[in-house]
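Notes to accompany the following structure.
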2 protein chains.
Amino acid sequence: MTETTIRIPEALIAKTISRGLSRVNAISEGGPGWTRPSYSALESQAHAVIEEEAVALGLEIRRDAAGNLFATLPGRDRAPERALHIGSHLDTVSQGGAYDGQAGVMGGLAVITALRDMGLTPATDIVLTVTRAEESVWFPVSYAGSRAGMGRLAPEDFDAPRADTGRSLADHMAEAGFDPDAVRNITPPTPARFLEFHIEQGPILDEAGEAYAIVEAVRGGLRYRAAEVHGTWAHSGGVPQNHRADAMLAMAELICAMDSAWTRLTAEGHDLTVTFGKVDAATPQHAMAKVAGHVGFVLDMRSADVASLEAADEVLRAEIARIEAARPGIRFDLGTQSRSAPARLSSSMAAMVAGGATAQGDAPRRMLSGGGHDAAAFSAAGWDAVMVFIRNWNGSHCPEEAMDEADLCRAVAAVVHAIAAEVA
Amino acid sequence: MTETTIRIPEALIAKTISRGLSRVNAISEGGPGWTRPSYSALESQAHAVIEEEAVALGLEIRRDAAGNLFATLPGRDRAPERALHIGSHLDTVSQGGAYDGQAGVMGGLAVITALRDMGLTPATDIVLTVTRAEESVWFPVSYAGSRAGMGRLAPEDFDAPRADTGRSLADHMAEAGFDPDAVRNITPPTPARFLEFHIEQGPILDEAGEAYAIVEAVRGGLRYRAAEVHGTWAHSGGVPQNHRADAMLAMAELICAMDSAWTRLTAEGHDLTVTFGKVDAATPQHAMAKVAGHVGFVLDMRSADVASLEAADEVLRAEIARIEAARPGIRFDLGTQSRSAPARLSSSMAAMVAGGATAQGDAPRRMLSGGGHDAAAFSAAGWDAVMVFIRNWNGSHCPEEAMDEADLCRAVAAVVHAIAAEVA
């Protein structure tokens with residue numbers, strides 16, 4: 001066994017993670033929390049920080065046409081199909097947190113820094129992999145950067161408008177210095193191995209008092225990003241209850257109905273989340289003295305199983321039909337549906353991480369990821385992918401998002417153990 | 001009887017209303033519908049149009065310190081306490097309609113134009129009265145302009161911030177050319193008589209096929225203009241249903257609960273309307289992939305009886321307590337409550353209008369006003385006030401707000417008959 005022969009440079013791992021997070025999180029738009037839009041100059045600046053760190057480590061630096069960064073520590077066997085990529089993304093949602101994406105990049109950086117310090121030449125190339133444009137709140141395209149790099153964007157994805165600017169993904173790519181035509185014609189890289197550290201974005205590990213976990217599957221999503229309720233604008237004091245077509249009331253009924261449906265579907269054994277993340281009855285046309293004639297909303301449903309997403313979507317349409325029938329003048333328009341596929345991750349890579357954890361006396365649980373992640377995109381492209389979840393609290397995708405860096409250090413050490421075991 | 005002696009210049013009334021509406025509605029901010037904020041330059045421009053019309057009629061022009069316009073056709077008896085004021089306001093809600101306020105001003109203008117054309121010197125002064133700042137969506141102060149003119153604003157009302165600019169009522173008054181200190185020290189005018197034509201802002205007359213009606217009471221309001229729900233921001237895919245404190249779901253539950261409460265209270269005999277006119281879960285922090293940690297909302301409840309408002313407010317607090325108890329992490333904050341008192345209007349003035357209607361063969365119904373109006377402010381100041389509602393459709397406080405000018409002409413003719421009867 002190798003346990004006794006491995007000396008993990010724990011202080012160096014901690015210092016690397018801490019420095020990397022500080023440097024990247026110094027880059028943000030103003031306002032609460034952190035905002036680095038996909039394919040923005042801020043995201044590019046964050047990439048430049050990591051490139052600088054990688055250069056300092058003497059890694060081989062490469063960028064693909066879509067701007068994804070690859071910094072390689074050469075292994076004994078340099079075959080690309082056996083390389084172990086470790087990384088995540090550096091863009092954030094609007095007013096997001098300090099760890100989503102960033103923690104995974106720093107985890108990869110810390111693994112390689114540790115290997116260098118240990119003087120260990122790994123069995124395969126270890127590739128710090130920093131993707132672009134993972135957060136699909138900006139462009140209605142899942143994992144736009146990593147999928148672009150693997151030649152897996154559909155032609156229409158390049159036209160997807162950014163939620164705030166209205167300008168296309170291709171436009172923003174070009175503005176960030178990448179040629180959309182080159183991306184359209186990218187040669188997909190050889191599928192290899194991908195490991196992503198990421199905060200859990202849920203309460204399970206925190207409540208269980210566990211530092212990290214191995215993720216076996218990533219939930220897929222079924223979304224309506226620009227749905228609407230149409231009713232009739234009316235004076236708040238002048239129109240009796242039974243004469244109203246109140247779009248906000250119809251919206252509230254749908255939200256409550258879908259919450260009940262979620263409980264019911266879960267009881268029936270479905271894996272599911274249902275979230276109305278945005279509800280807009282606060283345009284300049286909305287006012288105290290008006291019954292709302294229009295409400296905009298965004299609905300996000302997620303599941304590990306496509307069948308459960310279909311079941312939830314069927315309930316959604318039935319509830320809408322029921323509300324429309326009960327309330328003359330109310331009409332829902334769900335708009336375009338977008339989806340991301342659920343992903344089963346690699347059991348062999350899960351076993352590899354579990355081995356490293358065992359080597360340091362840990363027994364991380366296996367769990368599901370509710371959030372979509374680049375790992376799902378790599379998995380869909382035929383890579384062996386796995387995720388390592390880090391305990392976090394205070395929610396996620398918000399300025400208060402919290403994580404103990406020591407938990408990430410512990411998970412990084414487990415992966416270093418696992419890589420060392422591949423050499424032995 | 002006078003019926004046979006009166007020749008109403010119907011074509012002139014129609015032309016006056018049509019011209020006045022066209023001229024005033026040419027003045028608006030861009031965007032759908034009409035937007036003339038309270039104490040804005042646009043409201044001042046609209047006032048200048050009516051002043052020009054009044055000057056052309058040879059009326060005596062006067063403005064009070066708060067900017068309310070009075071254009072007087074002298075009567076036989078010039079005692080101010082017997083004068084009949086006829087008018088309304090020219091400000092609008094954001095993206096409002098073509099008739100709310102405007103119709104009442106043109107009604108007053110048309111009455112005086114008709115009297116002039118008929119060569120009839122009325123029994124008392126007839127005063128075209130154009131108020132400022134009636135729409136309380138801008139400043140959280142009911143009937144700010146007319147109440148200012150009657151010396152009935154509270155000292156703190158002058159500090160009320162405009163919803164969009166955040167600057168005070170006093171500031172905007174000054175910007176429009178009126179001295180807030182002069183308004184603070186205004187000498188209240190002698191209470192007289194006030195008549196306001198106004199669109200119904202509800203479906204009752206339209207459904208009954210009736211052109212106009214006499215309003216006997218104006219509903220008062222109980223409002224929460226800056227209420228909030230606090231929950232916990234969380235990742236949409238990562239947090240199970242029973243671990244969420246979803247502010248939007250709590251909001252939806254309250255909206256549905258208050259709709260049921262409304263039905264129940266109405267069945268118990270209460271007069272009531274309940275409207276969540278603004279619900280904001282669409283700030284930059286809200287996103288597809290986030291459970292909402294915050295929702296802002298505005299609640300407007302109206303009734304002809306204070307006791308019914310109290311009953312509804314009690315139910316509101318009970319429902320909030322119930323939702324908070326059932327959903328750990330959810331906390332409602334209703335913020336400041338504002339009120340406007342219900343107003344019983346003048347039965348003698350209602351009888352006067354009814355007499356004029358009878359003279360032309362009409363039998364307008366008596367009804368309640370759901371919207372608050374300047375007439376309520378005059379009534380509260382001890383004036384004899386009455387309203388004449390004009391049938392309208394397509395809602396109100398919205399660009400689609402519709403009215404047949406012929407209906408207003410008919411109501412104007414009734415009032416001209418009533419004024420003529422005072423001379424006889």
Side-chain angles (χ1 to χ4, degrees), chain A residues 31-32 93-95 136-137 200-203 219 221 223 225 232-241 243 246 248-249 251-253 255-256 259 262-263 266 273 275-282 284-293 296 298 300 302 369-372 395-398 400, chain B residues 31-32 93-95 136-137 200-203 219 221 223 225 232-241 243 246 248-249 251-253 255-256 259 262-263 266 273 275-282 284-293 296 298 300 302 369-372 395-398 400:
Chain A
V93 299
S94 177
Q95 305 188 1
S136 60
V137 294
E200 180 200 333
Q201 306 183 288
R219 283 191 176 121
R223 285 124 191 191
R225 293 164 183 267
T232 305
W233 297 101
H235 190 284
S236 65
V239 182
Q241 192 176 22
H243 282 73
D246 182 340
M248 189 58 228
L249 178 59
M251 176 84 259
E253 285 189 337
I255 292 170
C256 291
D259 189 61
W262 182 6
T263 305
T266 302
T273 67
T275 309
F276 291 83
K278 256 186 145 157
V279 174
D280 191 356
Q285 215 180 334
H286 292 87
M288 185 197 80
K290 278 191 200 176
V291 178
V298 175
D300 175 57
R302 303 196 185 203
S369 169
S396 158
H397 278 181
C398 60
E400 298 75 25
Chain B
V93 300
S94 178
Q95 304 188 0
S136 60
V137 295
E200 180 202 333
Q201 306 183 286
R219 283 191 177 121
R223 286 126 190 187
R225 293 165 182 268
T232 305
W233 296 102
H235 190 283
S236 64
V239 182
Q241 192 177 22
H243 282 73
D246 181 339
M248 190 58 228
L249 178 59
M251 177 84 258
E253 285 189 337
I255 293 170
C256 292
D259 190 60
W262 183 7
T263 306
T266 303
T273 67
T275 310
F276 290 83
K278 256 185 144 157
V279 174
D280 191 356
Q285 213 180 336
H286 292 87
M288 186 198 79
K290 278 192 199 175
V291 178
V298 175
D300 175 58
R302 303 197 185 203
S369 169
S396 158
H397 279 180
C398 60
E400 299 75 24

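Every chain is numbered from 1, with letters handed out A, B, ... down the list of sequences.
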Out of B:Gly202, B:Gly31, B:Ala282, B:Pro240, which one racks up the most heavy-atom pairs below 4.5 Å with chain A?
B:Ala282
Please name the pair of heavy atoms, one in B:Thr273 and one in B:Trp262, separated by the smallest distance, quoted to 0.1 Å.
CA-CZ2, 3.5 Å
Count the heavy-atom pairs under 4.5 Å between each of A:Lys278, A:His286, A:Gln201, A:His243 and chain B, then report the option with the highest count.
A:Gln201
Check: B:Met288 and B:Ser236 side chains under 4.5 Å, non-hydrogen atoms:
no
Please confirm whether the backbone N or O of A:Pro284 pairs with a side-chain atom of B:Ser94, one donor and one acceptor, at under 3.5 Å?
yes
Under 4.5 Å heavy-atom distance to chain A, tell me which part of B:Val279 shows up: side chain, backbone, both or neither.
both
Would the distance check show the side chain of A:Lys290 and the main-chain N or O of B:Cys398 forming a donor-acceptor pair, the cut-off being under 3.5 Å?
no
Any B:Gln241 side-chain heavy atom under 4.5 Å of A:Asp259 side chain
yes
Counting heavy-atom pairs under 4.5 angstrom with chain B, the leader among A:Asp246, A:Thr266, A:Val137, A:Asp280 is A:Asp280
Count the heavy-atom pairs under 4.5 Å between each of B:Ser369, B:Ala289, B:Gly296 and chain A, then report the option with the highest count.
B:Ala289
Need one label for B:His397: side chain, backbone, both or neither, based on atoms under 4.5 Å from any heavy atom in chain A.
both
Pick from A:Gly395, A:Ala292, A:Ala281 with the largest number of heavy-atom pairs that fall under 4.5 Å of chain B:
A:Ala281
When A:Val291, A:Leu249, A:Thr232 are compared by non-hydrogen pairs under 4.5 Å with chain B, the top option:
A:Leu249
Of all of B:Gly370, B:Gly293, B:Gly221, which one pairs up most often with chain A through heavy atoms under 4.5 Å apart?
B:Gly370
Euclidean distance, B:Glu253 CD relative to B:Met248 CE, rounded to 0.5 Å:
11.0 Å
Salt bridge check: are A:Asp300 and A:Arg302 linked by an N-O gap of less than 4.0 Å?
yes
Note: vs chain B, highest number of non-hydrogen pairs under 4.5 angstrom among A:Gly238, A:Ala234, A:Gly372 is A:Gly238
Go through the atoms of B:Pro32 and report whether side chain, backbone, both or neither lie under 4.5 Å from a heavy atom of chain A.
neither
Below 4.5 Å from any heavy atom of chain B, which atoms of A:Val239 appear? Answer side chain, backbone, both or neither.
both
Contact part of B:Val93 toward chain A, heavy-atom cut-off under 4.5 Å: side chain, backbone, both or neither?
side chain
Rounded at 0.5 Å granularity, tell me how far CD in B:Gln95 sits from CH2 in A:Trp233.
8.0 Å
With a 4.5 angstrom heavy-atom cut-off, which part of B:Ser136 approaches chain A: side chain, backbone, both or neither?
side chain
